[in-house]
Amino acid sequence: MRLKGDLERWLMEHLKKISMSDREMMDAKNGIAIRKSYGFRDPVVKNVVDKFVDRSDVGFAKYEQTLDDERRLRMKGLQKYLNDIQEELMDAVLYIQAARDELQDLNEEALIDKIKYDEEEI
């Protein structure tokens with residue numbers, strides 16, 4: 001098993017030396033020669049897909065494995081996946097509240113600025 005890990009590390013170092021992107025390196029490691037590309041009629045959809053790909057690249061760079069590797073190799077069970085989902089959703093609720101608070105602050109600041117401007121005009 002150690003030999004496989006050493007070989008993978010050597011391959012990744014070699015691929016970095018020839019200036020391949022993380023995505024290209026992952027493809028080479030997994031034997032993917034051609035990646036399908038998509039045309040998008042909606043730039044919003046393209047933006048979201050690009051973010052998914054970027055997020056996947058960050059995860060791969062951090063953990064050196066894909067979510068599919070994790071699933072196929074049974075590195076995490078169903079309970080752990082459900083726990084991760086719950087934690088991410090709780091974080092999302094906190095981000096929503098922080099964004100609402102920020103919006104409230106911006107509205108209050110804009111109102112104060114308008115009142116000051118109106119008073120200066122008088």
Side-chain angles (χ1 to χ4, degrees):
M1 200 65 166
R2 179 173 159 78
L3 181 61
K4 182 181 177 193
D6 291 341
L7 182 59
E8 285 181 1
R9 274 190 292 285
W10 175 86
L11 175 62
M12 297 304 279
E13 288 172 16
H14 175 71
L15 294 173
K16 283 185 180 182
K17 288 178 185 173
I18 59 173
S19 298
M20 293 180 77
S21 71
D22 288 341
R23 168 90 27 209
E24 290 168 323
M25 286 186 282
M26 186 174 71
D27 287 351
K29 176 183 170 192
N30 293 318
I32 298 171
I34 299 172
R35 180 168 292 279
K36 185 175 181 180
S37 65
Y38 296 92
F40 294 95
R41 67 181 158 264
D42 187 336
V44 174
V45 174
K46 181 186 183 312
N47 188 22
V48 171
V49 170
D50 288 344
K51 288 180 181 186
F52 271 114
V53 171
D54 291 344
R55 182 84 175 127
S56 175
D57 289 343
V58 168
F60 185 77
K62 183 174 181 179
Y63 299 108
E64 296 184 354
Q65 63 192 17
T66 66
L67 189 59
D68 186 58
D69 293 336
E70 181 180 86
R71 185 191 58 77
R72 281 185 302 101
L73 298 173
R74 306 235 185 265
M75 301 167 87
K76 188 186 287 190
L78 182 58
Q79 286 298 325
K80 180 66 173 125
Y81 283 121
L82 291 170
N83 188 61
D84 288 350
I85 293 166
Q86 185 179 42
E87 289 174 358
E88 294 294 339
L89 291 173
M90 289 188 306
D91 288 346
V93 169
L94 296 175
Y95 295 141
I96 290 168
Q97 187 58 53
R100 283 183 167 177
D101 293 348
E102 181 67 16
L103 184 59
Q104 181 66 34
D105 291 349
L106 291 171
N107 284 337
E108 289 172 3
E109 289 171 14
L111 184 58
I112 290 169
D113 289 346
K114 183 178 182 334
I115 291 170
K116 285 180 184 176
Y117 178 77
D118 288 348
E119 288 175 352
E120 290 173 2
E121 291 293 310
I122 295 178

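Counting begins at 1 with the first residue of the sequence.
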Side-chain heavy-atom pair [X], [Y] within 4.5 angstrom cut-off:
{"X": "Asp54", "Y": "Val58", "value": "no"}
{"X": "Glu109", "Y": "Leu106", "value": "yes"}
{"X": "Tyr81", "Y": "Leu67", "value": "yes"}

Please tabulate, for side-chain N and O atoms in residues 96-103, each donor-acceptor pair with protein atoms closer than 3.5 Å (sequence neighbours left out).
unit_1	atom_1	unit_2	atom_2	d
Gln97	NE2	Asp101	OD1	2.8

Where at least one partner belongs to residues 38-49, residue pairs that pass salt bridge (charged side-chain N to carboxylate O under 4.0 Å, His left out), sequence neighbours excluded: Lys46-Asp50
Apart from Leu73 itself, members of its ILVMFWY cluster (side-chain separation under 4.5 Å) are Met75
For the backbone of Thr66 and the side chain of Asp69, can you confirm whether one donor and one acceptor N or O come within less than 3.5 Å of each other? yes
According to side-chain hydrogen bond (donor to acceptor under 3.5 Å, both in side chains), who are the partners of Glu119, at least two apart in sequence or on a separate chain? none
For residues 84-94, please give each side-chain donor-acceptor pair under 3.5 Å, one per line with the distance, not counting sequence neighbours.
unit_1	atom_1	unit_2	atom_2	d
Asp84	OD1	Lys80	NZ	2.8
Asp84	OD2	Lys76	NZ	2.5
Glu87	OE2	Asn83	ND2	3.0

With sequence neighbours left out, what residues match Lys114 under salt bridge (Lys or Arg N to Asp or Glu O under 4.0 Å)? Asp118
